[in-house]
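Ligands are counted one by one from 1 in listed order, and the atoms in each one are counted from 1 as well. Note that these values count all heavy atoms, side chains included, but never hydrogens, waters or copies made by symmetry.
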Amino acid sequence: MEQDRPFPQHFLFGAATSAYQVEGSPLADGAGPSIWHRFAHTPGRIRNGDTGDVACDHYRRFREDVALMRELGLRGYRFSIAWPRVLPQGTGAANSKGLDHYDRLVDELLAARIEPLATLYHWDLPAALDDRGGWLNPEVAHWFAEYAREVFRRLDDRVRLWATLNEPWVVADAGYLHGVHAPGHQSPYEAPRASHNLLRAHAAAVAAYRAEGHHQIGLVVNLEPKTPASPRTEDAAATQRAEVYMNRQYLDPALKGRYPEELGEIFGEAWPGFSPDETAALRTPIDFLGVNYYTRGVTRADPTSWPLRASNVKQEGSSYSETGWEVYPQGLADALLWVKRRYGDLPLYVTENGAAFPDPPQAPDGGLEDPLRVDYLREHLRALKSALAAGCDVRGYFAWSLLDNFEWAEGYSKRFGIVHVDFASQRRTPKASARFYSSVIASDGRLP
Ligand code: FCB
(Lines give C-alpha, C1' and ligand atoms only; values in the text may rest on other atoms or scores of the structure.)
Protein backbone atom coordinates (compact mmCIF):
# COMPACT_ATOMS: atom_id res chain seq x y z
CA MET A 1 0.00 0.00 0.00
CA GLU A 2 1.13 3.52 -0.86
CA GLN A 3 0.93 4.65 2.75
CA ASP A 4 3.35 2.00 3.96
CA ARG A 5 6.04 2.78 1.49
CA PRO A 6 9.05 4.28 3.28
CA PHE A 7 10.36 7.77 2.54
CA PRO A 8 13.33 8.12 0.17
CA GLN A 9 16.48 6.72 1.74
CA HIS A 10 18.32 9.88 2.63
CA PHE A 11 15.25 11.88 3.48
CA LEU A 12 16.28 14.54 5.97
CA PHE A 13 14.07 14.10 9.02
CA GLY A 14 14.83 16.86 11.47
CA ALA A 15 13.50 19.47 13.84
CA ALA A 16 13.69 23.26 13.80
CA THR A 17 14.22 26.17 16.17
CA SER A 18 15.20 29.82 15.81
CA ALA A 19 17.78 31.88 17.64
CA TYR A 20 15.69 34.34 19.64
CA GLN A 21 13.12 31.69 20.52
CA VAL A 22 15.54 29.25 22.16
CA GLU A 23 18.98 30.68 22.78
CA GLY A 24 18.65 33.06 25.73
CA SER A 25 21.76 35.12 26.67
CA PRO A 26 20.86 37.65 23.96
CA LEU A 27 23.64 40.06 24.88
CA ALA A 28 26.35 37.51 25.73
CA ASP A 29 29.86 37.62 24.30
CA GLY A 30 29.54 41.07 22.77
CA ALA A 31 26.22 40.62 20.95
CA GLY A 32 24.13 43.70 20.25
CA PRO A 33 20.40 43.88 21.00
CA SER A 34 17.95 42.77 18.33
CA ILE A 35 14.58 44.30 17.57
CA TRP A 36 12.99 41.33 19.39
CA HIS A 37 15.05 42.02 22.50
CA ARG A 38 13.87 45.59 22.40
CA PHE A 39 10.26 44.69 21.62
CA ALA A 40 10.05 42.05 24.34
CA HIS A 41 11.36 44.60 26.85
CA THR A 42 8.67 47.10 25.86
CA PRO A 43 5.82 46.77 28.37
CA GLY A 44 2.58 45.41 26.95
CA ARG A 45 4.00 43.86 23.81
CA ILE A 46 4.35 40.22 24.88
CA ARG A 47 1.88 38.09 26.77
CA ASN A 48 2.73 37.92 30.47
CA GLY A 49 5.68 40.24 29.90
CA ASP A 50 7.79 37.28 28.75
CA THR A 51 11.15 37.86 27.05
CA GLY A 52 13.82 35.77 25.34
CA ASP A 53 16.39 36.63 28.03
CA VAL A 54 16.66 33.00 29.13
CA ALA A 55 14.34 31.08 26.78
CA CYS A 56 15.62 27.47 26.58
CA ASP A 57 19.17 28.53 27.47
CA HIS A 58 20.16 26.76 24.25
CA TYR A 59 23.08 29.17 23.80
CA ARG A 60 24.72 27.51 26.78
CA ARG A 61 23.10 24.07 26.66
CA PHE A 62 23.44 23.34 22.95
CA ARG A 63 25.70 20.34 23.56
CA GLU A 64 23.08 18.70 25.73
CA ASP A 65 20.45 19.52 23.09
CA VAL A 66 22.50 18.04 20.28
CA ALA A 67 22.97 14.88 22.37
CA LEU A 68 19.21 14.71 22.76
CA MET A 69 18.71 15.11 19.01
CA ARG A 70 21.14 12.29 18.46
CA GLU A 71 19.29 10.08 20.93
CA LEU A 72 16.07 10.76 19.03
CA GLY A 73 17.82 9.85 15.79
CA LEU A 74 17.25 13.21 14.10
CA ARG A 75 19.13 13.54 10.83
CA GLY A 76 18.84 17.30 10.48
CA TYR A 77 18.64 20.41 12.63
CA ARG A 78 17.35 23.71 11.29
CA PHE A 79 18.49 26.61 13.46
CA SER A 80 18.98 30.30 12.82
CA ILE A 81 21.93 32.60 13.27
CA ALA A 82 21.41 35.79 15.23
CA TRP A 83 22.63 38.67 13.07
CA PRO A 84 23.38 40.88 16.11
CA ARG A 85 25.69 38.24 17.57
CA VAL A 86 27.74 38.32 14.37
CA LEU A 87 27.53 42.07 13.77
CA PRO A 88 26.46 43.79 17.00
CA GLN A 89 25.87 47.07 15.14
CA GLY A 90 24.41 45.29 12.12
CA THR A 91 27.27 46.38 9.86
CA GLY A 92 30.99 46.99 10.34
CA ALA A 93 33.27 44.89 12.46
CA ALA A 94 32.30 41.26 13.01
CA ASN A 95 32.22 39.88 16.52
CA SER A 96 34.29 36.76 16.36
CA LYS A 97 32.87 35.38 19.61
CA GLY A 98 29.37 35.41 18.16
CA LEU A 99 30.53 33.42 15.16
CA ASP A 100 32.46 31.05 17.45
CA HIS A 101 29.19 29.99 19.00
CA TYR A 102 27.73 28.81 15.70
CA ASP A 103 31.06 27.28 14.77
CA ARG A 104 30.87 25.08 17.86
CA LEU A 105 27.22 24.26 17.29
CA VAL A 106 27.93 23.13 13.72
CA ASP A 107 30.88 20.99 14.82
CA GLU A 108 28.78 19.40 17.53
CA LEU A 109 26.02 18.61 15.02
CA LEU A 110 28.41 17.11 12.50
CA ALA A 111 30.04 14.98 15.17
CA ALA A 112 26.55 13.64 15.93
CA ARG A 113 25.97 13.07 12.19
CA ILE A 114 23.20 15.66 12.12
CA GLU A 115 23.00 17.84 9.01
CA PRO A 116 22.76 21.55 9.80
CA LEU A 117 20.34 23.80 7.90
CA ALA A 118 21.17 27.37 8.88
CA THR A 119 18.72 30.24 8.43
CA LEU A 120 20.32 33.67 8.21
CA TYR A 121 17.30 35.70 9.24
CA HIS A 122 14.62 34.49 11.59
CA TRP A 123 13.34 37.95 12.59
CA ASP A 124 16.04 39.25 14.95
CA LEU A 125 17.27 42.33 13.09
CA PRO A 126 20.04 44.22 14.95
CA ALA A 127 18.33 47.08 16.80
CA ALA A 128 21.08 49.40 15.54
CA LEU A 129 19.81 48.81 12.01
CA ASP A 130 16.23 49.47 13.00
CA ASP A 131 17.47 52.85 14.21
CA ARG A 132 18.57 53.43 10.63
CA GLY A 133 15.18 52.48 9.18
CA GLY A 134 15.44 48.69 9.37
CA TRP A 135 13.63 46.89 6.55
CA LEU A 136 12.38 50.23 5.23
CA ASN A 137 15.86 51.50 4.38
CA PRO A 138 16.84 50.31 0.89
CA GLU A 139 20.42 49.95 2.18
CA VAL A 140 19.28 46.91 4.16
CA ALA A 141 19.88 44.65 1.15
CA HIS A 142 23.60 45.54 1.25
CA TRP A 143 23.73 45.21 5.03
CA PHE A 144 22.20 41.75 4.81
CA ALA A 145 24.58 40.59 2.07
CA GLU A 146 27.55 41.86 4.11
CA TYR A 147 26.36 39.92 7.15
CA ALA A 148 25.67 36.82 5.03
CA ARG A 149 29.21 36.94 3.62
CA GLU A 150 30.70 36.98 7.14
CA VAL A 151 28.71 33.89 8.01
CA PHE A 152 29.42 32.03 4.76
CA ARG A 153 33.15 32.64 5.19
CA ARG A 154 33.10 31.08 8.61
CA LEU A 155 30.67 28.19 8.15
CA ASP A 156 30.18 27.26 4.49
CA ASP A 157 32.97 24.69 4.69
CA ARG A 158 30.65 22.65 6.92
CA VAL A 159 27.09 23.94 6.44
CA ARG A 160 25.63 22.63 3.19
CA LEU A 161 22.10 23.96 3.43
CA TRP A 162 21.38 27.66 3.85
CA ALA A 163 18.17 29.63 4.01
CA THR A 164 18.18 33.40 3.58
CA LEU A 165 14.92 34.60 5.17
CA ASN A 166 12.32 32.91 7.29
CA GLU A 167 8.75 33.85 6.32
CA PRO A 168 9.09 37.34 4.85
CA TRP A 169 5.27 37.54 4.85
CA VAL A 170 5.19 37.42 8.66
CA VAL A 171 7.97 40.00 8.92
CA ALA A 172 5.96 42.46 6.81
CA ASP A 173 2.43 41.56 7.90
CA ALA A 174 3.00 41.21 11.64
CA GLY A 175 5.95 43.61 11.94
CA TYR A 176 4.97 46.48 9.63
CA LEU A 177 1.25 46.18 8.85
CA HIS A 178 -0.38 45.00 12.07
CA GLY A 179 2.33 45.82 14.58
CA VAL A 180 2.03 42.64 16.64
CA HIS A 181 5.65 41.65 16.03
CA ALA A 182 8.85 43.69 16.20
CA PRO A 183 9.36 46.45 15.23
CA GLY A 184 5.64 47.00 15.93
CA HIS A 185 4.67 49.35 13.10
CA GLN A 186 1.14 49.64 11.69
CA SER A 187 1.28 51.02 8.21
CA PRO A 188 -0.08 49.87 4.84
CA TYR A 189 2.49 52.16 3.24
CA GLU A 190 5.38 50.50 4.99
CA ALA A 191 4.40 46.83 4.60
CA PRO A 192 4.92 46.50 0.82
CA ARG A 193 8.15 48.51 1.03
CA ALA A 194 9.46 46.23 3.79
CA SER A 195 8.49 43.20 1.66
CA HIS A 196 10.30 44.61 -1.33
CA ASN A 197 13.47 45.22 0.68
CA LEU A 198 13.25 41.73 2.18
CA LEU A 199 13.16 40.30 -1.33
CA ARG A 200 16.06 42.53 -2.40
CA ALA A 201 18.03 41.35 0.62
CA HIS A 202 17.27 37.73 -0.22
CA ALA A 203 18.46 38.23 -3.80
CA ALA A 204 21.63 40.02 -2.61
CA ALA A 205 22.48 37.20 -0.18
CA VAL A 206 21.95 34.58 -2.88
CA ALA A 207 24.23 36.56 -5.20
CA ALA A 208 26.88 36.70 -2.45
CA TYR A 209 26.53 32.96 -2.02
CA ARG A 210 26.98 32.32 -5.72
CA ALA A 211 30.25 34.23 -5.53
CA GLU A 212 31.59 32.51 -2.42
CA GLY A 213 29.50 29.51 -1.42
CA HIS A 214 29.85 25.89 -2.38
CA HIS A 215 26.59 24.24 -1.48
CA GLN A 216 22.88 25.09 -1.54
CA ILE A 217 20.85 28.12 -0.64
CA GLY A 218 17.11 28.72 -0.60
CA LEU A 219 14.26 30.79 0.78
CA VAL A 220 11.71 29.82 3.44
CA VAL A 221 8.09 30.92 3.07
CA ASN A 222 4.93 30.02 4.94
CA LEU A 223 2.12 28.83 2.70
CA GLU A 224 -1.58 28.41 3.42
CA PRO A 225 -3.80 26.96 0.72
CA LYS A 226 -6.83 29.25 0.41
CA THR A 227 -10.30 28.01 -0.50
CA PRO A 228 -13.53 29.97 -0.73
CA ALA A 229 -16.05 29.54 2.07
CA SER A 230 -18.94 29.58 -0.42
CA PRO A 231 -19.56 29.73 -4.17
CA ARG A 232 -20.39 33.46 -3.91
CA THR A 233 -18.36 35.67 -6.27
CA GLU A 234 -17.29 37.94 -3.39
CA ASP A 235 -15.82 34.96 -1.54
CA ALA A 236 -13.98 33.78 -4.64
CA ALA A 237 -12.49 37.26 -5.06
CA ALA A 238 -11.55 37.41 -1.36
CA THR A 239 -9.87 34.00 -1.66
CA GLN A 240 -7.89 35.20 -4.63
CA ARG A 241 -6.72 38.27 -2.69
CA ALA A 242 -5.72 36.14 0.29
CA GLU A 243 -3.77 33.79 -1.92
CA VAL A 244 -1.96 36.64 -3.63
CA TYR A 245 -1.22 38.45 -0.40
CA MET A 246 0.13 35.51 1.54
CA ASN A 247 1.35 32.93 -0.95
CA ARG A 248 2.26 34.77 -4.14
CA GLN A 249 3.53 38.15 -2.89
CA TYR A 250 6.97 36.65 -2.29
CA LEU A 251 7.20 33.63 -4.57
CA ASP A 252 6.07 35.37 -7.77
CA PRO A 253 8.82 38.01 -7.62
CA ALA A 254 11.50 35.67 -6.21
CA LEU A 255 10.86 32.92 -8.77
CA LYS A 256 9.21 34.67 -11.71
CA GLY A 257 10.46 38.25 -11.40
CA ARG A 258 7.07 39.94 -11.14
CA TYR A 259 4.55 40.99 -8.50
CA PRO A 260 0.95 39.77 -8.80
CA GLU A 261 -1.16 42.63 -10.17
CA GLU A 262 -3.77 42.21 -7.44
CA LEU A 263 -1.34 43.67 -4.87
CA GLY A 264 -2.21 47.11 -6.26
CA GLU A 265 -5.87 46.45 -5.59
CA ILE A 266 -5.16 45.15 -2.08
CA PHE A 267 -2.95 48.02 -0.94
CA GLY A 268 -4.72 50.71 -2.99
CA GLU A 269 -2.94 54.05 -2.88
CA ALA A 270 -0.37 52.59 -0.46
CA TRP A 271 1.03 50.27 -3.16
CA PRO A 272 4.39 51.74 -4.28
CA GLY A 273 4.22 50.44 -7.87
CA PHE A 274 7.71 49.08 -8.45
CA SER A 275 9.17 49.38 -11.95
CA PRO A 276 9.52 46.25 -14.11
CA ASP A 277 13.32 46.48 -13.78
CA GLU A 278 13.20 46.72 -10.02
CA THR A 279 10.90 43.74 -9.93
CA ALA A 280 12.80 41.62 -12.43
CA ALA A 281 15.92 42.04 -10.25
CA LEU A 282 14.19 40.13 -7.44
CA ARG A 283 14.29 36.91 -9.41
CA THR A 284 17.26 34.73 -8.48
CA PRO A 285 17.57 31.00 -9.04
CA ILE A 286 17.56 29.18 -5.71
CA ASP A 287 18.60 25.61 -4.96
CA PHE A 288 15.54 24.75 -2.91
CA LEU A 289 12.42 26.23 -1.44
CA GLY A 290 11.58 25.77 2.23
CA VAL A 291 7.86 25.56 2.97
CA ASN A 292 6.51 26.15 6.46
CA TYR A 293 3.03 24.71 6.76
CA TYR A 294 0.65 25.02 9.69
CA THR A 295 -2.90 25.45 8.40
CA ARG A 296 -5.19 26.44 5.54
CA GLY A 297 -7.56 29.38 5.14
CA VAL A 298 -11.22 28.91 4.25
CA THR A 299 -11.91 32.44 3.16
CA ARG A 300 -14.86 34.80 2.90
CA ALA A 301 -15.22 38.43 1.92
CA ASP A 302 -15.09 40.67 4.98
CA PRO A 303 -15.19 44.45 4.45
CA THR A 304 -14.19 45.07 8.07
CA SER A 305 -10.83 43.34 7.76
CA TRP A 306 -8.28 45.72 6.44
CA PRO A 307 -6.64 45.94 3.90
CA LEU A 308 -7.35 42.44 2.60
CA ARG A 309 -11.14 42.56 3.04
CA ALA A 310 -11.08 38.82 3.67
CA SER A 311 -11.18 36.63 6.75
CA ASN A 312 -11.13 32.95 7.71
CA VAL A 313 -14.26 31.01 8.48
CA LYS A 314 -14.18 28.52 11.33
CA GLN A 315 -14.90 24.97 10.15
CA GLU A 316 -17.53 23.02 12.06
CA GLY A 317 -16.22 19.56 12.77
CA SER A 318 -12.54 20.45 12.37
CA SER A 319 -10.16 20.49 15.28
CA TYR A 320 -8.09 23.54 16.07
CA SER A 321 -4.74 23.95 17.78
CA GLU A 322 -4.17 26.25 20.73
CA THR A 323 -3.18 29.08 18.42
CA GLY A 324 -6.59 28.82 16.72
CA TRP A 325 -5.25 27.20 13.55
CA GLU A 326 -7.36 24.52 11.87
CA VAL A 327 -5.67 21.12 11.84
CA TYR A 328 -5.78 20.26 8.15
CA PRO A 329 -3.09 17.75 7.09
CA GLN A 330 -4.22 17.55 3.46
CA GLY A 331 -3.23 21.22 3.17
CA LEU A 332 0.44 20.26 3.41
CA ALA A 333 0.15 18.12 0.26
CA ASP A 334 -1.98 20.83 -1.39
CA ALA A 335 0.65 23.49 -0.67
CA LEU A 336 3.52 21.38 -2.03
CA LEU A 337 1.57 20.43 -5.15
CA TRP A 338 0.57 24.05 -5.68
CA VAL A 339 4.26 25.04 -5.65
CA LYS A 340 5.06 22.34 -8.20
CA ARG A 341 2.22 23.39 -10.49
CA ARG A 342 2.87 27.08 -10.30
CA TYR A 343 6.66 27.30 -10.07
CA GLY A 344 7.91 24.01 -11.51
CA ASP A 345 10.03 21.22 -10.13
CA LEU A 346 12.04 22.88 -7.47
CA PRO A 347 13.61 20.78 -4.68
CA LEU A 348 11.51 21.33 -1.55
CA TYR A 349 11.97 21.00 2.18
CA VAL A 350 9.19 21.22 4.71
CA THR A 351 11.13 23.55 6.97
CA GLU A 352 8.46 23.84 9.70
CA ASN A 353 5.31 21.93 10.63
CA GLY A 354 3.81 21.43 14.05
CA ALA A 355 1.23 22.59 16.54
CA ALA A 356 0.70 23.99 20.02
CA PHE A 357 -1.67 21.99 22.18
CA PRO A 358 -2.17 22.25 25.92
CA ASP A 359 0.02 19.36 27.06
CA PRO A 360 -1.36 17.13 29.81
CA PRO A 361 0.63 17.12 33.06
CA GLN A 362 3.57 14.82 33.46
CA ALA A 363 2.63 11.30 34.61
CA PRO A 364 4.11 9.97 37.89
CA ASP A 365 6.54 7.82 35.88
CA GLY A 366 7.84 11.00 34.21
CA GLY A 367 6.17 10.29 30.85
CA LEU A 368 4.54 13.08 28.89
CA GLU A 369 1.68 12.10 26.66
CA ASP A 370 0.68 14.52 23.88
CA PRO A 371 -1.66 12.41 21.73
CA LEU A 372 -2.93 15.39 19.73
CA ARG A 373 0.59 16.24 18.59
CA VAL A 374 1.31 12.58 17.78
CA ASP A 375 -1.79 12.54 15.55
CA TYR A 376 -0.83 15.86 14.03
CA LEU A 377 2.63 14.59 13.09
CA ARG A 378 1.38 11.25 11.80
CA GLU A 379 -1.29 12.78 9.58
CA HIS A 380 1.01 15.47 8.20
CA LEU A 381 3.69 12.90 7.42
CA ARG A 382 1.02 10.85 5.65
CA ALA A 383 0.05 13.89 3.58
CA LEU A 384 3.71 14.48 2.83
CA LYS A 385 3.98 10.92 1.53
CA SER A 386 1.06 11.53 -0.80
CA ALA A 387 2.82 14.62 -2.17
CA LEU A 388 5.96 12.55 -2.75
CA ALA A 389 3.89 9.89 -4.50
CA ALA A 390 2.41 12.64 -6.70
CA GLY A 391 5.91 13.60 -7.80
CA CYS A 392 6.92 16.49 -5.51
CA ASP A 393 10.67 16.54 -4.99
CA VAL A 394 10.60 16.89 -1.19
CA ARG A 395 13.97 16.21 0.43
CA GLY A 396 13.33 16.74 4.10
CA TYR A 397 10.92 17.55 6.88
CA PHE A 398 11.58 19.58 10.03
CA ALA A 399 9.18 19.39 12.93
CA TRP A 400 8.46 22.71 14.64
CA SER A 401 9.80 22.63 17.18
CA LEU A 402 12.50 20.61 18.84
CA LEU A 403 11.80 22.41 22.13
CA ASP A 404 8.96 24.32 23.75
CA ASN A 405 10.10 27.89 23.33
CA PHE A 406 9.40 31.63 23.20
CA GLU A 407 6.46 31.88 20.81
CA TRP A 408 6.90 35.57 19.87
CA ALA A 409 4.00 37.77 21.05
CA GLU A 410 2.51 34.74 22.83
CA GLY A 411 5.59 34.36 25.03
CA TYR A 412 5.87 30.96 26.70
CA SER A 413 2.11 30.40 26.73
CA LYS A 414 2.12 28.22 23.59
CA ARG A 415 4.12 25.01 23.55
CA PHE A 416 5.10 23.63 20.14
CA GLY A 417 7.93 21.34 21.26
CA ILE A 418 8.22 17.62 20.73
CA VAL A 419 10.47 17.96 23.78
CA HIS A 420 8.98 19.54 26.88
CA VAL A 421 11.00 22.26 28.60
CA ASP A 422 10.48 23.02 32.26
CA PHE A 423 11.45 26.68 32.13
CA ALA A 424 12.18 26.84 35.87
CA SER A 425 14.73 24.03 35.89
CA GLN A 426 15.53 23.90 32.14
CA ARG A 427 14.90 20.19 32.27
CA ARG A 428 14.08 18.61 28.91
CA THR A 429 11.62 15.71 28.66
CA PRO A 430 10.84 14.14 25.29
CA LYS A 431 7.07 13.99 24.84
CA ALA A 432 5.28 10.99 23.30
CA SER A 433 5.45 12.91 19.98
CA ALA A 434 9.27 12.89 20.14
CA ARG A 435 9.28 9.15 20.77
CA PHE A 436 6.78 8.65 17.96
CA TYR A 437 8.84 10.76 15.53
CA SER A 438 11.98 8.93 16.58
CA SER A 439 10.43 5.56 15.70
CA VAL A 440 9.20 6.90 12.35
CA ILE A 441 12.75 8.02 11.51
CA ALA A 442 14.26 4.73 12.64
CA SER A 443 11.96 2.87 10.22
CA ASP A 444 12.72 5.26 7.30
CA GLY A 445 9.30 6.78 7.56
CA ARG A 446 6.91 3.89 8.08
CA LEU A 447 3.88 5.32 9.82
CA PRO A 448 2.37 3.25 12.61
C1 FCB B 1 6.24 30.30 12.35
C2 FCB B 1 7.59 30.81 12.79
C3 FCB B 1 8.21 30.07 13.94
C4 FCB B 1 7.18 29.67 14.97
C5 FCB B 1 5.98 29.01 14.33
C6 FCB B 1 4.93 28.56 15.29
O7 FCB B 1 5.53 31.32 11.72
O8 FCB B 1 8.50 30.76 11.70
O9 FCB B 1 9.24 30.84 14.46
O10 FCB B 1 6.85 30.75 15.74
O11 FCB B 1 5.41 29.89 13.39
Between Arg382 and Glu379 (salt bridge meaning N to carboxylate O under 4.0 Å), is one present in this structure? yes
Going by an N to O cut-off under 4.0 Å, is there a salt bridge joining Asp404 and Arg415? yes
Where ligand 1 meets Trp408 - atom numbers and elements under 4.0 angstrom, heavy-atom basis: 3 (C), 4 (C), 9 (O), 10 (O)
Are Tyr294 and Trp400 near enough that their ring centres are under 6.0 Å apart? no
Please determine whether a side-chain nitrogen of the Lys or Arg among Arg296 and Glu326 lies less than 4.0 Å from a carboxylate oxygen of the Asp or Glu. yes
Does Lys414 have a non-hydrogen atom less than 4.0 Å from ligand 1? no
What donor-acceptor contacts under 3.5 angstrom involve side-chain atoms of residues 119-128, with partners at least two apart or in another chain?
unit_1	atom_1	unit_2	atom_2	d
Thr119	OG1	Arg78	NE	3.1
Thr119	OG1	Arg78	NH2	3.3
Tyr121	OH	Trp123	O	3.4
Tyr121	OH	Leu125	N	3.4
Tyr121	OH	Trp135	NE1	3.1
His122	NE2	Asn166	ND2	3.0
Trp123	NE1	Asn166	O	2.8

Any idea which of Asn222, Asn166, Thr17, Val22 brings a heavy atom closest to atom 8 (O) of ligand 1? Asn166
Any idea which atoms of ligand 1 are less than 4.0 Å away from a heavy-atom of His122? 2 (C), 3 (C), 8 (O), 9 (O)
Return the residue, atom name and 0.1 Å-rounded distance of the protein heavy atom closest to atom 7 (O) of ligand 1. Glu167 OE1, 2.5 Å
Contacting atoms of ligand 1, where contact means under 4.0 angstrom from a heavy atom of Phe416: 6 (C)
With heavy atoms of Tyr294 as the reference, note each atom of ligand 1 found under 4.0 Å away. 1 (C), 5 (C), 6 (C), 11 (O)
At a 4.0 Å threshold, what atoms of ligand 1 neighbour a non-hydrogen atom of Glu407? 4 (C), 6 (C), 10 (O)
Just going by heavy-atom distances, which of Glu352, Glu410, Gln21 is nearest to atom 1 (C) of ligand 1? Glu352
Does the pair Arg435/Glu369 count as a salt bridge with the N-to-O cut at 4.0 Å? yes
Between Asp393 and Lys340, does any NZ, NE, NH1 or NH2 come within less than 4.0 Å of an OD or OE carboxylate oxygen? no
